[in-house]
Amino acid sequence: QQQVKQSPQSLIVQKGGISIINCAYENTAFDYFPWYQQFPGKGPALLIAIRPDVSEKKEGRFTISFNKSAKQFSLHIMDSQPGDSATYFCAADRGSTLGRLYFGRGTQLTVWP
Amino acid sequence: EAGVAQSPRYKIIEKRQSVAFWCNPISGHATLYWYQQILGQGPKLLIQFQNNGVVDDSQLPKDRFSAERLKGVDSTLKIQPAKLEDSAVYLCASSFGPSRTGGNSPLHFGNGTRLTVT
């Protein structure tokens with residue numbers, strides 16, 4: 001059973017455009033929602049994370065929007081660049097489980113010039 | 001700081017053979033994780049250590065997989081005997097562990113070992 005559902009599976013965006021990736025979860029015990037970026041041949045790297053006490057968090061061109069009532073969260077990449085081309089994973093964690101992350105299936109983002 | 005080190009980077013074995021992966025976490029990180037990432041999917045936790053004790057191994061196929069973290073630093077993950085469906089990237093990650101403000105500190109991943117079972 002997939003604990004975190006992610007969409008779309010792949011995304012193609014023009015340089016300068018906005019990339020939007022969505023995730024949904026069912027377990028209301030989740031209280032930490034990170035996004036990871038993974039380049040080919042590399043391990044995932046933490047990009048940005050949010051806790052459910054806030055509805056939005058922004059770091060540079062990356063923003064997480066969080067809707068607790070809908071149990072959904074999304075990643076927005078503003079002014080997308082070719083260097084952003086990678087696979088993005090959303091994840092969820094219960095603080096009590098000390099870091100057991102449940103990952104979505106990933107979104108392969110391609111930003112073309 | 002040096003990142004999480006893993007070796008080997010690639011391994012090709014035949015089914016029913018055995019294989020071992022090695023991980024050296026970031027210095028000072030008490031918590032170590034092994035994740036399995038099958039092609040086209042997100043990573044799935046296999047086992048989690050806190051220092052040299054197992055915190056969670058509920059998703060580890062214990063009939064063929066084993067892991068240890070002697071002395072609370074390096075860790076090895078072993079598969080014996082391997083099956084075709086074990087073909088995946090095996091990722092090691094580490095973190096400081098529970099933070100004082102609640103929750104867990106961020107996970108840092110290594111670049112993984114790509115295992116192909118033929």
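Residue numbering restarts at 1 for every chain, and letters A, B, ... go by the order of the sequence lines. We use all heavy atoms of the structure for the numbers below, so side chains are in, but hydrogens, waters and symmetry mates are not.
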From [X] [atom1] over to [Y] [atom2], what is the distance, rounded to the nearest 0.5 angstrom?
X         : Y         : atom1 : atom2 : value
Arg100(A) : Asp56(B)  : CZ    : CG    : 5.0 Å
Leu91(B)  : Lys42(A)  : CG    : NZ    : 13.0 Å
Leu45(B)  : Phe103(A) : CG    : CZ    : 9.5 Å

Relative to chain A, which segment of [X] carries a heavy atom at a distance below 4.5 Å: side chain, backbone, both, or neither?
X         : value
Arg114(B) : neither
Ser58(B)  : side chain
Gln37(B)  : side chain

If hydrophobic clusters are built from ILVMFWY residues whose side chains come within less than 4.5 Å, do [X] and [Y] share one?
X        : Y        : answer
Phe62(A) : Phe66(A) : yes
Ile26(B) : Leu77(B) : no
Val13(A) : Tyr88(A) : yes

Within 6.0 angstrom of [X] [atom1], more than 12 heavy atoms from elsewhere:
X         : atom1 : value
Leu39(B)  : CG    : no
Leu46(A)  : CG    : yes
Gln108(A) : CD    : no
Trp22(B)  : CH2   : yes

Shortest non-hydrogen contact from Tyr35(B) toward Leu101(A)
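Closest heavy-atom pair between Tyr35(B) and Leu101(A): OH-N, 3.2 Å.
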Pro44(A) versus chain B, the contacting section by heavy-atom distance below 4.5 Å
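Both parts, backbone and side chain.
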Contact class of Gln9(A) relative to chain B, heavy atoms under 4.5 angstrom:
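Neither part.
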Looking at chain A, which one of Pro43(B), Gly110(B), Gly42(B) has the largest number of heavy-atom pairs inside 4.5 Å, strictly under?
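The residue among Pro43(B), Gly110(B), Gly42(B) with the greatest pair count is Pro43(B).
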